[in-house]
There are 2 protein chains.
Amino acid sequence: MTIPSTMKALLLQNDGYAKVPSGTVLEAMAPYVEEGTIEVPSPKGSEVLIKVALASINPSDVMFIKGMYGQPRALGRPAGFEGVGEVVAAGPDAEGLIGKRIAFATGLTNWGSWAEYAVAEAAACIPLLDTVRDEDAAAMIVNPLTAIAMFGLVKDEGEKAFILTAGASQLCKLIIGVAKDEGYRPIAIVRRDDQIALLEGMGAAHVLNAEAPDFKQKLAEVLKVEKPRILLDAVTGPLAGAIFSAMGKRARWIVYGRLDAVQTVIPEPGQMIFMHKKIEGFWLTEWMRSVGPERRAAAAIEAQKRFSDGRWATDVTAIVPLEEAVLRVSEELAKPNGKVFIKP
Amino acid sequence: MTIPSTMKALLLQNDGYAKVPSGTVLEAMAPYVEEGTIEVPSPKGSEVLIKVALASINPSDVMFIKGMYGQPRALGRPAGFEGVGEVVAAGPDAEGLIGKRIAFATGLTNWGSWAEYAVAEAAACIPLLDTVRDEDAAAMIVNPLTAIAMFGLVKDEGEKAFILTAGASQLCKLIIGVAKDEGYRPIAIVRRDDQIALLEGMGAAHVLNAEAPDFKQKLAEVLKVEKPRILLDAVTGPLAGAIFSAMGKRARWIVYGRLDAVQTVIPEPGQMIFMHKKIEGFWLTEWMRSVGPERRAAAAIEAQKRFSDGRWATDVTAIVPLEEAVLRVSEELAKPNGKVFIKP
């Protein structure tokens, strides 16, 4: 395959972090990324070059391009944390992947997937079964592997019940599905009543609307009965603080996302002392680095099986051609309950 | 020994927690404790009855009687978390302690030491060497054992440098002494310049005044060189949050006290995710329960040796007779750098 010298990509328009925090909604792509043409990069060492078939847009991408994800931006580089495609070139330590169809994540290379070609570390590539659709493969790592890895934390802790904020996110839907299959009891926190029946149907033991006037009382009732120890939290801010504060002894607040720009207060620091509560974080990149290739491969196989046999399926809101992305993406993202993809 | 049926004690005047938080200074004893006469309690099970020789006043006592310690008060009960005295009666499972001079803590019984007689669990009693003074023994558990236990966390973590807030407290002085002897590098955070030379003399590698205009810059310089992972924090609030935020990867914020009534914010929750930082708590009662009798006994021996040979010594501000305590204690506590005791 002939690799061109330049390519189209959606390029970051800022360096570093946002000076002023903004909301989690992407009002428009234009201030953060613009379409442009840059050189196709050359893979080195254990990197591979991928011809991107489809790239996904996750909430973490939105936070990242806005400068609020806790990782610095690099002006002029392509955005996009994951995608699917074919390996067309490789550094000397990753040649075995050439010609393979893979899902990939770009967290280790800082060279994004919203482009005709992307660069990824071999350790962040998953060779795919033919039975996995592009739409599932393009969103295979950031959400599905995180779901399997974080559900592993719940299993290690031992309590059947656990709490999820942003309960209607794609990620939480995946976790709820796995948890239900293994007899666990997810407690999903949402912001709209119309998400309640949907998530209960998927296997959530309880779904609570944080905007409801009786939320705190209902939460207290559920906590009393279910005694969850783990809070898997994608929102931080006052909601997460209030849930953590209401939880019982030995509660663990595991932060994996930051959707609330409001400051995060520890409501009762004394609980850290007298109730042995803990606050920690989860980052898939660190998990993949720390668990080793076997557990990583097992999670990748588990995810592919679930997508292949239909237990998991990615809801697709839209597949937007790269050249239309700057204009259309924010509008597509505003539609609920599905995922938006970019097709180079 | 004949045990009387009633005794004098300093009795809690409130139930539960403070409705409105107040400062850490004890403006007066009277609104929180009053002298009174109550029945001498009967020890049950593994409890002992102690004729109190001397009881100490710790910052945690002040926070407790004010209702801000995270443990509920019981109206009409004696206050006081620790003391020294002779065991004069015991429940059937603790008779071996009768006649012994012991240091004791009351966290498990909720029946305080600021009284002629106190009740303690056998597991919270330390039989004393004759070489340990009453002034050291009365303040042997809450501070010295905490010092040894928390320094153990530092040793387990492996980094030589660590940070202490409230660096001029009795507790921190004890930790600094042990750490120096074992070649560790304490970084003490204080609020007054006159504490700097004192703590450097005791073995602190760095002493930083949090009130100095260049504090943040000096802190950054020290963190860059020393790379501490552990923050032993007795203050919470904005100061502790700022230190934690400035620390590097894998920092652990270990809260063991709460001296700042201002709310505690996690300045950058994204650091929990991308820098693997953690927030946890330390409570001696939980430590004693969880480490088992051997490690507990080793810590008790270590503390007594240090007091016996003079490596540790409790600075005494005043020994106040119980009947003068309500009037005099707040004034004595206002004097810096020493401990105040109550003598029944």
Side-chain angles (χ1 to χ4, degrees), chain A residues 17-18 21 60 63-64 67-72 107 146 150 165 231-241 244-245 249-287 289-290, chain B residues 17-18 21 60 63-64 67-72 107 146 150 165 231-241 244-245 249-287 289-290:
Chain A
Y17 301 99
S60 51
M63 294 300 270
F64 176 69
M68 300 192 301
Y69 185 61
Q71 294 279 288
T146 298
M150 289 204 303
T165 60
L231 166 61
L232 297 177
D233 175 39
V235 305
T236 68
L239 173 61
F244 181 62
S245 172
K249 280 186 182 176
R250 297 180 193 282
R252 290 167 64 193
W253 178 359
I254 300 175
V255 181
Y256 69 90
R258 168 115 174 89
L259 293 183
D260 195 330
V262 174
Q263 69 179 6
T264 300
V265 173
I266 306 174
E268 296 171 43
Q271 293 187 342
M272 313 297 290
I273 308 174
F274 302 112
M275 297 176 74
H276 328 303
K277 293 188 176 187
K278 287 185 184 173
I279 309 173
E280 51 202 290
F282 178 88
W283 189 30
L284 185 67
T285 304
E286 170 66 11
W287 182 87
R289 193 182 284 150
S290 64
Chain B
Y17 301 99
S60 51
M63 294 300 271
F64 176 69
M68 300 192 301
Y69 185 61
Q71 294 279 288
T146 298
M150 289 204 303
T165 60
L231 165 62
L232 298 176
D233 176 38
V235 304
T236 68
L239 173 61
F244 181 62
S245 172
K249 280 185 183 176
R250 297 180 192 282
R252 290 168 62 193
W253 178 359
I254 300 174
V255 180
Y256 69 89
R258 167 115 174 89
L259 293 183
D260 195 330
V262 175
Q263 70 179 6
T264 300
V265 173
I266 306 174
E268 296 170 43
Q271 293 186 342
M272 314 297 290
I273 309 173
F274 302 112
M275 295 175 76
H276 328 302
K277 293 189 176 186
K278 287 185 183 172
I279 308 173
E280 51 201 293
F282 178 87
W283 189 29
L284 185 67
T285 304
E286 169 68 12
W287 182 86
R289 192 183 285 149
S290 64

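Labels below follow one simple rule: chain letters A, B, ... track the order of the sequence lines, proteins then strands, and each chain is numbered from 1.
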Chain B contact via A:Phe274 - which portion, at a heavy-atom distance below 4.5 Å: both

Minimum heavy-atom distance between A:Thr264 and B:Pro269, given as atom pair plus value: OG1-CG, 3.5 Å

Residue pairs involving residues 263-286 of chain B (criterion salt bridge (charged side-chain N to carboxylate O under 4.0 Å, His left out); sequence neighbours excluded): A:Arg250-B:Glu286, B:Arg252-B:Glu280, B:Glu286-B:Arg289

With sequence neighbours excluded, residues passing side-chain contact (heavy atoms from CB on, under 4.5 Å) with B:Phe64: B:Leu12, B:Tyr69, B:Gln71, B:Arg73, B:Phe81

Under the criterion side-chain contact (heavy atoms from CB on, under 4.5 Å), which of A:Met275, A:His276, A:Met272 is the partner of B:Trp283? A:His276

When heavy-atom pairs shorter than 4.5 Å are enumerated against chain B, which of A:Ile273, A:Ile266, A:Thr285, A:Val265 gives the highest number? A:Ile273

